[in-house]
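These notes concern the structure reproduced below.
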Amino acid sequence: MAWILLSDVELDAGDARNGAGAAQQALRLAPGHPEALARLGRGLWMLGRHPEATQALRAAARNAPGHPGIQVWLGHALEDAGEAEAANAAYAEAHRLLPAQAQIAAYLLAWRRRLCDWRDLDALSRQVRTAVTAGEMAIEPFAFLSEDASPAEQLACARLKAATVTARIHPLPPADAAPVRDDDAPLRLGFLSNGFGAHPTGLLTVAFFETLRARGGTDIKLFALTPDDGSPIRSRLAAAAHALHAVGDLSHHALAAHLRDARLDVLFDLRGWGGGGRPEALAMRPAPLQVNWLAYPGTSGAPWIDYVLADTVALPDTLAPHYSEAVAWLPRCFQPTDTRRDIPPTPERTACGLPATGVVFCCFNNSYKLNPATFSRLSRVLAGVPGSVLWLLSGPGEADARLRLAAQARGIAPERLVFMPKQPHATYLARLRLADLFLDCNPYNAHTTASDALWAGCPVLTRPGATFASRVAASLVHHLGLPELAVDDDEVFVATAVALGNDPVRLRALRERVTTARDRGPLFDTAAFADDFLHLVGRMVARHRRGDAPAALATEHASAPTR
């Protein structure tokens, strides 16, 4: 039991190797002990050794069949091992064993959303939201973004999660006195992410970092939580930064010390509660100013995050009271993108599984963003445009088959759904040019996917909601110069999509406007974005150096276009 407890301590500290080693020592003393096998599986999972993790956790589950916690860890490992339906069964078994536990209900709910398995969805969602409102359970905030929750509920969820992190961290040891720096010295900006590679975060930021490096006046340090994936994006990121540190193997304390020793002016958390981040390290306050930006579209609820970087469409001032951070508003869309990428030639429709004729609606959001209400809205559009198809990203497990059954139940022939397997990014962009209109989801809408569609010349129709996660696509089309693509309600959404689908001349003209706005408008002006970003960050730093607390900041006018 001592080795098992030590394993827990090491794993909670983010030290997967020592945690797994302690569990192995326990197994030498007590072969087959389910608690030791469970810790070994958790450690192997944290190390990315997913098949071995599932093997250990399956053995633990066999030796302790009534243990809901082991079933949860098994579900996590099966997710990452690509055994989607088995993960669903593991979470369902954990929920059967402990049906009143809202956190287990939340795991089951989130994974069923990903599999488009909508059984008991409303009951599970009610259980999770009730627990958050009552302050009873710390639910994963990222998964909670997919619920029809209010901004106040999202803040409550994030604060509960942040409190669990605060309760288990230990302060950093005292640092050596920092040398006095000239106010005119280059700003030291750090960016922490698990997406510095062929990942949405890398794709969004790489041209921005290249622009900052070329401009000078800043010291850019990237801290990568994942190893080098060998992608061209990772190579570009490494060349754009003054330093790229691989820190994924460090414990929480070691990572925090590493960040502290970089003597940053501002540290940007590019993951937040999105999974794969390191909030424990950030909670130790390694930088004087810490900012929530880009990857997590909601409030951190965390006392260790000072600002959230946003814009007034994605996060209007009416939402600010529901944010624990001070809001720093950019005068343009908060989301940059890679404006230096080329799009390969467009393939033939039939080569992509599409019919030779007819309107192609698409929705390439991840499967968890689809839900019964959104899918019914999309089905109504298909019903109103004869001969049209809906092009979707293929989901895990049996998700595609479930969506075809859902279409049939709504009077839509299942073959009118076309599924695209995951593609290399350039291939995906080329295929996007075959889509006539992107139809968005609620309450978690298209973010990087919407940016990709607009870059490829495909219009995005969206219906903004009351939360940041439901307003990003609206920000993109607004700053592109086509605010009419963000409509007020579902009825207008369906009517607009149907009207465009039945009017090829109007739809072609809209696509031409998107292409013109992409090339000439402010949305994809990376140089001007960098100017506005640096201006806003400079104001944050100036306030801090004066001894002023973080406060709402806004840049009134966007930088002049550079084209």
Side-chain angles (χ1 to χ4, degrees), residues 113-116 118 145-146 200 297 349 352-355 358-385 387-396 399-410 412-423 425 428-465 469-474 476-477 485-487 490 492-498 500-501 507 510-511 514:
R113 286 196 183 282
R114 194 172 287 273
L115 293 178
C116 301
W118 297 332
L145 296 179
S146 295
R349 285 172 57 133
C352 302
L354 297 168
V359 173
V360 177
F361 296 108
C362 75
C363 179
F364 291 141
N365 284 327
N366 278 312
S367 55
Y368 63 83
K369 295 184 180 182
L370 292 166
N371 55 45
T374 288
F375 194 75
S376 292
R377 188 172 72 189
L378 301 181
S379 299
R380 289 172 61 197
V381 173
L382 288 177
V385 184
S388 63
V389 296
L390 177 62
W391 204 6
L392 299 164
L393 189 65
S394 186
D400 299 358
R402 291 188 180 100
L403 288 175
R404 284 201 165 102
L405 288 174
Q408 193 168 32
R410 290 162 174 79
I412 302 297
E415 58 269 21
R416 292 180 69 184
L417 303 189
V418 180
F419 292 94
M420 180 177 71
K422 199 162 189 177
Q423 303 288 328
H425 192 69
Y428 159 67
L429 287 176
R431 292 182 173 215
L432 256 170
R433 284 184 159 168
L434 294 172
D436 294 299
L437 182 65
F438 189 111
L439 302 177
D440 203 8
C441 299
N442 288 90
Y444 196 155
N445 61 37
H447 295 182
T448 306
T449 315
S451 178
D452 287 341
L454 296 172
W455 183 250
C458 177
V460 176
L461 183 66
T462 188
R463 196 265 292 163
S470 68
R471 301 184 62 83
V472 173
L476 287 162
V477 298
L485 289 175
V487 299
D490 284 355
V492 178
F493 184 99
V494 172
T496 302
V498 168
L500 286 168
L507 187 54
L510 177 61
R511 293 176 60 82
V514 169

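Every value quoted in this text rests on a predicted model; they were computed, and no experiment measured them.
You'll find the side chain of R511 reaches within 4.5 Å of the side chain of C458, heavy atoms only. At a threshold of 4.5 Å between non-hydrogen side-chain atoms, the residues L115 and P396 count as touching. Residues P297 and L145 form a side-chain contact, since some pair of their non-hydrogen atoms from C-beta on lies under 4.5 Å apart. The shortest side-chain heavy-atom distance between D436 and W391 does not fall under the 4.5 Å cut-off. Annotation: side chain of V494 is in contact with side chain of R377 (closest heavy-atom distance under 4.5 Å). Counting heavy atoms from C-beta outward, L354 and V418 have side chains that approach closer than 4.5 Å. Counting heavy atoms from C-beta outward, F361 and L461 have side chains that stay 4.5 Å or more apart. Side-chain contact between L403 and W118: present, with at least one pair of heavy atoms (C-beta onward) separated by less than 4.5 Å.
Judged as a salt bridge (charged side-chain N to carboxylate O under 4.0 Å, His left out), and not counting sequence neighbours, R431 has no contacts.
Remark: the N442 side chain and the S470 side chain contain no N/O donor-acceptor pair separated by less than 3.5 Å.
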ask   = Do L434 and V360 pass the side chain to side chain contact (heavy atoms under 4.5 Å, CB included) test, and can you show the C-alpha distance, the side-chain angles, and the key distance before you say yes or no?
value = CA-CA 7 Å; L434 294 172; V360 177; 5.8 Å; no
Stepwise side chain to side chain contact (heavy atoms under 4.5 Å, CB included) test for R416 and S388 = CA-CA 7 Å; R416 292 180 69 184; S388 63; 3.0 Å; yes
inquiry  = Is there a side chain to side chain contact (heavy atoms under 4.5 Å, CB included) between R463 and D440? Walk through the geometry before answering.
reply    = CA-CA 7 Å; R463 196 265 292 163; D440 203 8; over 6 Å; no
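S367 places no side-chain N or O within 3.5 Å of a backbone atom of G395 that could act as its donor or acceptor partner. Under a 3.5 Å cut-off, the side chain of T462 and the backbone N or O of A486 do not form any donor-acceptor pair. Looking at N371, its side chain never comes within 3.5 Å of a backbone N or O of R113 through a donor-acceptor pair. Between the side chain of T374 and the backbone N or O of L370 there is no donor-acceptor pair closer than 3.5 Å. Looking at H447, its side chain does come within 3.5 Å of a backbone N or O of A469 through a donor-acceptor pair.
The two residues V477 and V460 come nearest to each other via the heavy atoms CG1-O, 3.6 Å. Listed here is the closest heavy atom pair of L439 and A497: CD2-CB, 3.9 Å. D400 and S394 get closest at one heavy-atom pair: OD2-OG, 2.6 Å. In plain terms, the two heavy atoms of L510 and L500 that are nearest each other are CD2-CD1, 3.9 Å. A pairwise comparison of heavy atoms in A446 and K369 identifies CA-NZ, 4.3 Å as the closest pair. Residues A473 and N445 approach most closely at N-OD1, 3.5 Å, considering heavy atoms.
Cation-pi check for R410 over F375 is not met; the charged atom does not lie both under 6.0 angstrom from the ring centroid and within 45 degrees of its normal.
Between the CG atom in L432 and the CE atom in M420 there is a gap of 6.5 Å [rounded to 0.5 Å]. We find the CG-CG distance between L485 and L476 to be 11.5 Å, quoted to the nearest 0.5 Å. Rounding to the nearest 0.5 angstrom, the gap separating the CD1 atom in I412 from the CG atom in L378 is 10.5 Å. With values rounded to the nearest 0.5 angstrom, C362 atom SG is found 8.5 Å from L392 atom CG. With rounding to the nearest 0.5 Å, the separation of CH2 in W455 from OG1 in T448 is 14.5 Å.
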